[in-house]
**Student:** 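Structure in structure tokens, see below.
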Amino acid sequence: MSTISKVAERAGVSRTTVSHVLNHADRVSQALREKVLAAVEELGYVPNPQAQSLRTGKTNLVAMLIPDIRNPFYPELVKTAQSEMEAAGLDMLIFNTDVPGGHSQEHGREYLRQIRNRRIDGLIVGDFALHGMHDALLDIDLPTVFIGDLPNKAVDSLKIDDFGGGRLMGQYLASKGHKRVAHVTGPSFFAEAMARAAGFEQGLRDCGVEPDPDLRFEGSYLGPSGQASVEWLLERHKDALPSVVFFANFLMASGALAEFYDRGIRIPQDMAVSVFGDQTQLEYVRPRLTRVGRPPAALAERATAMLLERLSGRYDGPPRSEIISCNLQPFDTA
């Protein structure tokens, strides 16, 4: 069995030098680093992660909490964050708090306990993963970045400009001549959903279109509520259908598109459709959905950059709050 002593002997250096090469490569010259790494490769030496953790005080592990692994927004968020962390030499643990299943607070408390016990180096929280328990971050004792709206500003956070993005879409649809506009919102207990809805309605008003509260349907952010919204529209407003529907996320829009198709309603010939969201899956939907938002990857890249700045000591100031602007992309459906 290879040991650090054998590596040091083979490379003709001290154990301390080997440790520096493996844990603090910036402290040794390139030539010495290559010499030690050659000995490591030749002997097949694998450092003991527990021992390294005790020496450095770091585990090189970062955790990420997400609310719903089935929502295609979050795998893209996770994949990008994982790639960024891997490039920085860190591994990532993923915890799904299962908000749609009604277990988010139970899981959130348990996962935070595990994260503390495992001595994780840093944490990224995906928006609704800690729904209703943001105060748990007030006494978090490790570098943390929250993706979403965090009123208590306990840790670094960044979020999409939900109001601004909704407003862009409202202005766009009104500018296209739509007067009778249906609106499928997210759940009213999510601040982001209500900001998105408020922005959309303000955008309509900016262009002289007064939102009709009778054409507003509160969805769940899940596909079945998109289907339910179409059923509601066709039953309640069959004699005066709207000319366009704006869906507050991709899952609801996808459910609605299936229901429209099953009922023989053509998009956009019979009904125009637009959506808040910009994840990769939208590229495979036809007709292409007119959309507003930012890709999950953009959020993940900035969140990991903020966390790495904390972990490296490049930033040690008060919690930061950043807002990422949205892009409007007109396509086939509106």
Side-chain angles (χ1 to χ4, degrees), residues 1-66 74-95 111 114-126 140-147 155-156 158 280 295-317 319-320 322:
M1 178 181 175
S2 297
T3 64
I4 194 171
S5 296
K6 291 180 180 179
V7 172
E9 182 180 351
R10 179 63 59 90
V13 299
S14 67
R15 285 166 50 96
T16 299
T17 298
V18 174
S19 179
H20 283 333
V21 169
L22 297 177
N23 300 302
H24 308 285
D26 58 320
R27 298 183 183 179
V28 298
S29 67
Q30 179 67 26
L32 191 55
R33 183 161 59 250
E34 291 176 355
K35 186 177 182 181
V36 170
L37 291 177
V40 168
E41 179 71 21
E42 182 180 348
L43 295 173
Y45 173 65
V46 178
N48 183 299
Q50 286 79 22
Q52 280 188 312
S53 177
L54 289 172
R55 286 194 301 271
T56 65
K58 297 181 179 179
T59 59
N60 290 331
L61 282 175
V62 170
M64 188 171 191
L65 295 175
I66 60 172
Y74 296 104
E76 188 173 341
L77 192 78
V78 167
K79 180 64 176 69
T80 302
Q82 192 172 32
S83 297
E84 295 290 315
M85 288 301 176
E86 184 178 0
L90 302 173
D91 293 322
M92 179 171 278
L93 299 176
I94 311 300
F95 297 88
Y111 294 155
Q114 291 185 32
I115 287 166
R116 291 187 178 98
N117 290 345
R118 294 189 190 196
R119 299 175 61 237
I120 300 296
D121 292 339
L123 173 65
I124 296 175
V125 180
I140 196 80
D141 56 355
L142 73 162
T144 299
V145 177
F146 186 92
I147 300 174
V155 298
D156 289 335
L158 72 155
T280 302
L299 288 168
E301 288 169 0
R302 182 54 192 148
T304 53
M306 293 173 79
L307 185 58
L308 289 171
E309 288 166 4
R310 288 281 186 187
L311 293 174
S312 67
R314 296 196 302 274
Y315 181 81
D316 62 357
R320 300 165 286 182
E322 297 184 2

**Student:** If we only count heavy atoms from C-beta on, is the S83 to K79 side-chain gap below 4.5 Å?
**Tutor:** yes

**Student:** Any side-chain heavy atom of E84 within less than 4.5 Å of one from L90?
**Tutor:** no

**Student:** Only pairs at least two apart or in different chains count here, so list each salt bridge (charged side-chain N to carboxylate O under 4.0 Å, His left out) that has a residue in residues 305-315.
**Tutor:** D156-R310, R302-E309, E309-R320

**Student:** Is there a side-chain contact (heavy atoms from CB on, under 4.5 Å) between L311 and V62 once you walk through the steps?
**Tutor:** CA-CA 10 Å; L311 293 174; V62 170; 4.3 Å; yes

**Student:** Do L142 and I115 make a side-chain contact, defined as non-hydrogen atoms from C-beta onward lying under 4.5 Å apart?
**Tutor:** yes

**Student:** For the CD1 atom of I124 and the CD1 atom of I66, what is their distance to the nearest 0.5 Å?
**Tutor:** 12.0 Å

**Student:** Quick check: closest heavy atoms across L307 and V145, and the distance to 0.1 Å?
**Tutor:** N-CG2, 3.7 Å

**Student:** If you look at every heavy atom in Y45 and I4, which pair is closest and at what distance?
**Tutor:** CE1-N, 3.6 Å

**Student:** If I compare all heavy atoms of I120 with all of L61, which pair ends up nearest, and what's the gap?
**Tutor:** CG2-O, 3.2 Å

**Student:** How far apart are the closest heavy atoms of D121 and N60, and which atoms are they?
**Tutor:** OD2-N, 2.6 Å

**Student:** Who passes side-chain hydrogen bond (donor to acceptor under 3.5 Å, both in side chains) against R15, sequence neighbours left out?
**Tutor:** S5

**Student:** To the nearest 0.5 Å, tell me how far I147 CD1 sits from Y74 OH.
**Tutor:** 9.0 Å

**Student:** Between Q30 and E34, does the side chain to side chain donor-acceptor pair (under 3.5 Å) criterion hold? Intermediate values first, please.
**Tutor:** CA-CA 6 Å; Q30 179 67 26; E34 291 176 355; 2.8 Å; yes

**Student:** Which is it for R116 and D141 under the side-chain contact (heavy atoms from CB on, under 4.5 Å) test, yes or no, and what are the steps along the way?
**Tutor:** CA-CA 8 Å; R116 291 187 178 98; D141 56 355; 4.2 Å; yes

**Student:** Identify the two heavy atoms, one from K35 and one from A11, that lie closest to each other, and give their separation to 0.1 Å.
**Tutor:** CE-O, 2.7 Å

**Student:** Decide side-chain contact (heavy atoms from CB on, under 4.5 Å) for V7 and E42; before the verdict, give the C-alpha distance in whole Å, the side-chain angles of both, and the deciding distance to 0.1 Å.
**Tutor:** CA-CA 9 Å; V7 172; E42 182 180 348; over 6 Å; no

**Student:** Just wondering, do V21 and V40 contact through their side chains at under 4.5 Å, heavy atoms?
**Tutor:** no

**Student:** Go through it in stages, so that I can follow the logic: the residues are L77 and M64, the test is side-chain contact (heavy atoms from CB on, under 4.5 Å), and I'd like the CA-CA distance, side-chain angles, deciding distance and then a yes or no.
**Tutor:** CA-CA 10 Å; L77 192 78; M64 188 171 191; 3.5 Å; yes

**Student:** Specify the closest pair of heavy atoms between M85 and L308, including all atoms of both residues, with the distance to one decimal.
**Tutor:** SD-CD2, 3.9 Å

**Student:** Rounded to the nearest 0.5 Å, what separation is found between the CG atom of L93 and the CD atom of Q114?
**Tutor:** 9.5 Å

**Student:** Can you tell me how far the OG1 atom of T280 sits from the CD atom of E76, to the nearest 0.5 Å?
**Tutor:** 3.0 Å

**Student:** Listed by chain and number, what are the ring-ring contact (aromatic ring centres under 6.0 Å, His included) partners of F95, not counting sequence neighbours?
**Tutor:** Y111

